Structure formats: C-alpha cells, structure tokens
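Contents: one structure, followed by commentary.
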Number of protein chains: 2
Amino acid sequence: MAQSTPPPWLDDQERRTWLALITVVTMLPSALDAQLAPGSDINYFEYTVMAGLSEQPDRTLQMKHLALFANGSLSRLSHAMTRLEQRGWVRRGKDPTNGRLTVATLTDEGYDHIVSAAPSHVSEVRRMVFDPLTPAQISALEEIASRIAAALGAPDDPFGPIP
Amino acid sequence: MAQSTPPPWLDDQERRTWLALITVVTMLPSALDAQLAPGSDINYFEYTVMAGLSEQPDRTLQMKHLALFANGSLSRLSHAMTRLEQRGWVRRGKDPTNGRLTVATLTDEGYDHIVSAAPSHVSEVRRMVFDPLTPAQISALEEIASRIAAALGAPDDPFGPIP
DNA sequence: CTTGATAGATTGAATGTTCAAGCCAGACGG
DNA sequence: CCGTCTGGCTTGAACATTCAATCTATCAAG
C-alpha cells in the first residue's frame, strides 16, 4: 500500500502566495517603524507596549502579560522598558500583592505621547492594509491570519489568562 | 457639503484582523529562523539568498538584484555575504563586463548545503502556512498579500528588470 | 582628456534583539 | 523552620540590522 507522503515542493500557486506573503512579512515591520520613528521616536514594538498599557485599568499590566500581548520575549520587553523608562514614558514597580511580579505603568507623559502618535499610525495602517482590500477580503484575512497564527503556536487570547 | 474624512479608528472587525495579521508578521520570521538554525546554521535571510542564487543560470546574480529578491537592503546583503563567504558557501567577484558591478555566486558546497536544508524548511512552511488553509483561502491569500505588498511599495517582479 | 556626477557596493559605528546566565521572592517538602 | 525548587524578571555579551559615510568605476558634458 503506497504511503501518501506529504508533497515536498510548493506548486506554482503556493509559490506565488508564499512570495507575496513573505514580502508583506518582511516589509510591514520596517514600514511601521519608518512611520513612527520620525515623529514619535519609538519603534513599533515600543508603540505596542505603550498602547497595550494605555488600555488597561490604571494603565498598568504585569510584565509577563505585556510581553505576551506585544508578541515579544520577556527579555526584549525588559530592554524596551529600560529605554522607555529613561524617557519617562513608563514606570516599573513591584506588585504589592506578590513581590516577585513586576508591573509596568504608563505615565501621564507616556499617555500623552501615545495619544499624539496614534492617529497618523492608524491612518498608515489603514492605508497599507485595509484600504487596498474589499470588505470580503478583510473578513477572509481575519480567518486566514488566525489559522496561521494558531499553527505558529500563538495563544488564543493575546492577553492570556490574567488571574 | 460635509467632507468625508477618513475613519480614524479601527472597528472591531478590523481590530481583530490587525491583531491576527500582526501576530503572523511577528512570529513567522522567528519561526523560520528557529527551524533553520539548528540543522543548517543559517537564518531565513541567508537561506533566501542562497536559494535565490541556486535558481539562477551559473548560480550567479548581481548583488543589487539579489538584495531585491531577498527583500533586503544592499548593506544587509553585503554583511550576510561576508558571513556566507567565510563559510565557503558563496563567492563574490566583479562582473567582467562592468567593473562596478559585483556578482554573487553559490559554490558547490553552498549548493549542497541549501539542497540539504530545503526539504525540512519547505515542509515547515507547509505546516505553518498551507496546511491550515483551504484551497480557496490560499488563493484568497495570494490576492490579499499581493495587494498589501503593492501598498507597501514592493516591486511587481521580485527579480526586477534584469538587463 | 578632464571634471563632475552618479550608481553599485562596502565598511564601521550605533542600535536593537537574542541567548544564556544569574538573581530574587515565594511555594513546597521534609 | 530550613533548604531546595521554580517562575518571573533582569543583565551583559554576542549577534544581526540599520544608518551614514566612503570608495570605486563608469558615464556624460565641456
């Protein structure tokens, strides 16, 4: 009985799709950084961190959950926090209820800064991603990206279980 | 007459889509690197460079075109070539017909190496991207990613005009 | 010719990310 | 209690990428 072995190479359709996807995957991050840096002096990862905090009660979140939300390692977040802390946009402190947890807080200055950075950032996202797509394609993209994200091992809820 | 101003914020649907897309965009590169590094000692960018060369006549291409194909800057490529050259997988030389062009060539050792790295790489791409999707979704993704890539300013033909 | 301008490519310094090691507080078992 | 273990976080060094400066070969103009 012939074992059905997984098809080894990509066919033409898959090849074209892969090429287009990988182009987006490599160009989108630099495009986001390029838009944020001139006016706001932050990169996209730092933007995500601050935006994540701004939506939390007390604009505060534990490092671990923040890292998960921003799709980054704890180490990367820690370094980023050091930079943001030096600029006074963010603050770290021990969780009073549990001394081994660290919580990150967005300062007022940080809040002002992210609020001023947001509009042009959002409109750039819109221009690059949503404007070129039809409503049906946007809906299709949600499902497609979710499936790939799942195959990559992404957690279902970006904030994870917050006890 | 009310000017139709561009909608400032993302609605729920767009938000979910953006979240899923950005998760893919941030996780896919590290997943590709993680798969390649252990067995092959290269990152995805270096893989793309060598794979691109392997498909050219004489396994040779000019630096500029190679950079375009690999979605990277000339500087990034130059640094990568230095690393690959030190391992003997690639070679640089001046184009005899035009002394200010540099051509990159994949060596036999480089060819062997990329050939041995390819199967597991491709099957990982398949597992992460194509297996989770239906044929209709793959086809939709091609169009969607192409449109976004165009909005990001990607050239139509990844090899560009090669004179 | 000679000069200037420009495209292709390289280089080194600055910046950001990853990786591995280490630190500290609390939980757990004796 | 006391020691060990573990999870959360930080740190510094190694590595890759970006950015700006530089170099070189060609081309165009005078």
Side-chain angles (χ1 to χ4, degrees), chain A residues 25-27 29-38 41-49 61-87 90-105 160-163, chain B residues 25-38 41-49 60-87 90-105 160-163:
Chain A
V25 160
T26 56
M27 293 187 66
S30 24
L32 294 170
D33 286 347
Q35 188 273 317
L36 285 168
D41 255 43
I42 51 176
N43 59 32
Y44 180 69
F45 182 73
E46 293 163 335
Y47 177 91
T48 307
V49 166
L61 198 55
Q62 291 177 15
M63 291 289 281
K64 190 192 181 189
H65 299 309
L66 188 53
L68 202 62
F69 170 75
N71 289 302
S73 68
L74 210 37
S75 171
R76 184 182 185 182
L77 175 60
S78 190
H79 284 296
M81 288 292 295
T82 303
R83 298 192 295 269
L84 294 176
E85 224 170 5
Q86 280 165 357
R87 303 170 180 212
V90 104
R91 199 173 41 232
R92 273 183 282 201
K94 294 247 162 262
D95 182 331
T97 74
N98 185 342
R100 74 180 147 180
L101 306 181
T102 303
V103 293
T105 303
I162 303 187
Chain B
V25 160
T26 57
M27 291 186 67
L28 190 50
S30 25
L32 293 170
D33 285 347
Q35 190 272 318
L36 284 167
D41 255 42
I42 51 178
N43 60 32
Y44 180 69
F45 182 74
E46 293 163 336
Y47 177 90
T48 307
V49 166
T60 295
L61 199 54
Q62 291 176 14
M63 291 290 281
K64 191 193 182 190
H65 298 131
L66 188 51
L68 202 63
F69 170 75
N71 289 304
S73 68
L74 210 37
S75 171
R76 183 182 184 181
L77 175 60
S78 191
H79 285 296
M81 286 293 293
T82 302
R83 298 190 297 266
L84 294 176
E85 225 169 4
Q86 280 166 356
R87 304 172 180 210
V90 103
R91 200 173 40 233
R92 270 182 285 199
K94 294 245 161 266
D95 183 331
T97 75
N98 186 342
R100 72 178 148 181
L101 306 182
T102 302
V103 292
T105 303
I162 303 187

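Remember, it's a predicted structure, so these values are computed and weren't measured experimentally.
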Side chain of B:R91, backbone of B:V103: donor and acceptor closer than 3.5 Å?
-> no

Could you list the residues that satisfy salt bridge (charged side-chain N to carboxylate O under 4.0 Å, His left out) with A:R83, not counting sequence neighbours?
-> A:E46

Whole-Å gap separating C1' (D:dT6) and CG (A:L101) = 13 Å

Hey, can you pull the donor-acceptor pairs under 3.5 Å for the side chains in residues 66-79 of chain A, sequence neighbours left out?
| unit_1 | atom_1 | unit_2 | atom_2 | d |
| --- | --- | --- | --- | --- |
| A:S73 | OG | A:R76 | N | 3.0 |
| A:S78 | OG | A:R92 | NH1 | 3.4 |

Taking CZ from A:R92 and P from C:dC24, how many angstroms apart are they, rounded to a whole number?
-> 16 Å

In whole Å, what is the span from the CD atom of B:Q86 to the C1' atom of D:dA16?
-> 14 Å

Return a table of donor-acceptor pairs under 3.5 angstrom between the side chains of residues 93-102 of chain A and protein atoms on other chains or two or more places apart.
| unit_1 | atom_1 | unit_2 | atom_2 | d |
| --- | --- | --- | --- | --- |
| A:D95 | OD1 | A:T97 | N | 2.8 |
| A:D95 | OD1 | A:T97 | OG1 | 2.9 |
| A:N98 | OD1 | A:R100 | N | 3.3 |

Separation of C:dG8 C1' from B:Q62 CD (nearest whole Å) | 9 Å

Going from NE2 on A:H65 to CD on A:Q62, what distance comes out if it is rounded to the nearest 0.5 angstrom?
-> 4.5 Å

Between C1' of C:dT10 and CE of B:M63, the distance in whole Å | 8 Å

Sole candidate of A:L32, A:V25, A:T26 that passes side-chain contact (heavy atoms from CB on, under 4.5 Å) when paired with B:V25 = A:V25

Per-nucleotide protein contact string for nucleotides 13-22 of chain C (B base, S sugar-phosphate only, - none; heavy atom under 4.0 Å) | ---SSBB---

Looking at residues at least two apart in the chain, or sitting in another chain, which of them share a ring-ring contact (aromatic ring centres under 6.0 Å, His included) with B:F45?
-> none

Would you indicate which nucleotide in C:dA9, D:dT10, D:dC9 comes nearest to any side-chain atom of A:S78?
-> D:dT10

At a cut-off of 3.5 Å, list every protein nitrogen or oxygen paired with a nitrogen or oxygen from nucleotides 25-28 of chain C, distance to 0.1 Å.
| unit_1 | atom_1 | unit_2 | atom_2 | d |
| --- | --- | --- | --- | --- |
| C:dG26 | OP1 | A:G99 | N | 3.0 |

How long is the line joining CE of A:M81 and P of D:dG8, in whole Å?
-> 17 Å

Under the side-chain contact (heavy atoms from CB on, under 4.5 Å) rule, what do B:L84 and B:V49 come out as? Steps first, then yes or no, please.
-> CA-CA 10 Å; B:L84 294 176; B:V49 166; 4.3 Å; yes

Classify the nucleic acid contact of B:L74 as base, sugar-phosphate or nothing, counting any heavy atom under 4.0 Å across all strands shown.
-> base

Spacing between A:L66 atom CG and D:dC9 atom C1', to the nearest angstrom | 13 Å

Looking only at heavy atoms, the pair that brings B:D41 and B:P38 closest together is OD1-O, 4.5 Å

Can you tell me how far C1' of D:dA16 sits from OH of B:Y44, to the nearest Å?
-> 17 Å

